[in-house]
Amino acid sequence: VVLRHEARVSPQNTALWELNYAGEISLTHKFRGYFEGLSLSLFYGQKISLEEGTKEQKDFFIATGDVRIGETGIRLFYEGRNDSAWPTEGYLLEAELSRAEYALGGNLRFQKWSYLVSYYYPLLEMTSLAFQLSMTAYQNVGRQNSDLNVLPASERLSAGGTGSSNVRAFRYASLG
């Protein structure tokens with residue numbers, strides 16, 4: 001079970017605040033033996049994203065509005081790094097396939113496909129070369145009772161991961 005709360009200035013502008021609440025429950029199986037480092041998770045989560053500001057600010061900055069997302073899916077995580085906080089060699093693979101639907105308790109629907117692979121090659125003592133490829137795609141985005149089929153900033157922009165510009169020791173997109 002994971003619970004998160006975040007309050008920040010909206011990434012699209014500095015006049016609106018974005019409040020995010022999220023909860024997720026997952027069932028994870030960690031493999032052993034030949035597949036050591038591999039885990040497979042089934043999950044269900046709820047996210048609420050609220051925008052705070054005056055009506056004039058919301059109209060001027062084209063706010064995406066308040067959103068509730070009910071999402072379920074499957075995640076694959078394969079850890080082959082020598083150190084998850086500061087890796088110098090090895091690899092990491094993360095893949096996710098999920099679906100958000102109105103029937104899952106939200107007012108936003110979409111299908112999401114996400115993939116990340118990182119590779120670390122040691123060059124010298126305490127020095128390594130790191131490569132990372134990440135892709136996330138959304139399909140069939142829709143909002144219940146609205147013509148505005150736009151994802152909230154909390155879905156489009158996220159922190160966490162293994163790259164030099166990300167927050168180390170957190171899984172990719174795990175900081176919201």
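The model shown is predicted, which means the values in this text are computed figures rather than measured ones.
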Side-chain heavy-atom pair Leu92, Tyr119 within 4.5 angstrom cut-off: no
Does Leu40 belong to the same Ile/Leu/Val/Met/Phe/Trp/Tyr cluster as Phe35, with side-chain heavy atoms less than 4.5 Å apart forming each link? yes
Could you state the interatomic distance from CZ (Arg109) to CD (Glu101), rounded to the nearest 0.5 Å? 7.0 Å
Could you state the interatomic distance from CG (Leu42) to CG (Leu27), rounded to the nearest 0.5 Å? 6.0 Å
At what distance, to the nearest 0.5 angstrom, does OH of Tyr121 lie from OG of Ser128? 11.0 Å
dist Gln46:CD -> Leu3:CG (nearest 0.5 Å) comes out at 12.0 Å
Mind checking the CZ-CH2 spacing from Arg81 to Trp86? Nearest 0.5 Å is all I need. 12.0 Å
Going hydrophobic residue to hydrophobic residue with side-chain gaps under 4.5 angstrom, can you get from Ile74 over to Leu38? yes
Leu104 and Thr72, any side-chain heavy atoms less than 4.5 Å apart: yes
For Thr28 versus Ser39, what's the shortest heavy-atom pair and its separation? CG2-CB, 4.0 Å
Between Arg68 and Gly105 (side chain of the first, backbone of the second, donor and acceptor by atom type, cut-off under 3.5 Å), is there such a pair? yes
Do Leu93 and Leu129 share a hydrophobic cluster, counting only Ile, Leu, Val, Met, Phe, Trp and Tyr and linking them when any side-chain heavy atoms are less than 4.5 Å apart? yes
Which is it for Glu79 and Ser84 under the side chain to side chain contact (heavy atoms under 4.5 Å, CB included) test, yes or no, and what are the steps along the way? CA-CA 8 Å; Glu79 172 75 72; Ser84 62; 3.9 Å; yes
Does Leu76 belong to the same Ile/Leu/Val/Met/Phe/Trp/Tyr cluster as Leu133, with side-chain heavy atoms less than 4.5 Å apart forming each link? yes
Asn82 side chain vs Thr88 backbone, donor-acceptor pair below 3.5 Å: yes
Rounded to the nearest 0.5 angstrom, the CG-OG distance for Asn20 and Ser49 is 4.0 Å
For a side chain to side chain contact (heavy atoms under 4.5 Å, CB included) check, start with the C-alpha distance between Asn145 and Asn107, then their side-chain angles and the critical distance, and finish with the verdict. CA-CA 8 Å; Asn145 303 322; Asn107 64 353; over 6 Å; no
Of the non-hydrogen atoms in Gly106 and Gln144, which two are nearest, and what is the gap between them? O-OE1, 3.8 Å
Aromatic contact between Tyr138 and Phe110, with the criterion being ring centroids under 6.0 Å apart: yes or no? yes
Step-by-step side chain to side chain contact (heavy atoms under 4.5 Å, CB included) determination, Gln132 to Leu116: CA-CA 7 Å; Gln132 180 173 307; Leu116 175 132; 3.6 Å; yes
Test of understanding: with side-chain hydrogen bond (donor to acceptor under 3.5 Å, both in side chains), list the residues that count as partners of Ser98, not counting sequence neighbours. Glu71, Glu96
Face-on cation placement of Arg75 at Phe43 ring, 6.0 Å and 45° thresholds: yes
Distance-only donor-acceptor check, side chains Tyr91 and Glu89, under 3.5 Å: no
Is a side-chain donor or acceptor of Gln139 paired with a backbone partner of Val141 at a separation under 3.5 angstrom? no
When you look at Val117 and Phe131, which way does the side chain to side chain contact (heavy atoms under 4.5 Å, CB included) test go after all the steps? CA-CA 8 Å; Val117 63; Phe131 296 98; over 6 Å; no
Check: Tyr78 and Glu94 side chains under 4.5 Å, non-hydrogen atoms: no
Can you get from Val1 to Phe77 by hopping between Ile, Leu, Val, Met, Phe, Trp and Tyr side chains that sit under 4.5 Å apart? no
Which residues pass the ring pair (Phe, Tyr, Trp, His ring centres under 6.0 Å) test with Tyr102, not counting sequence neighbours? none
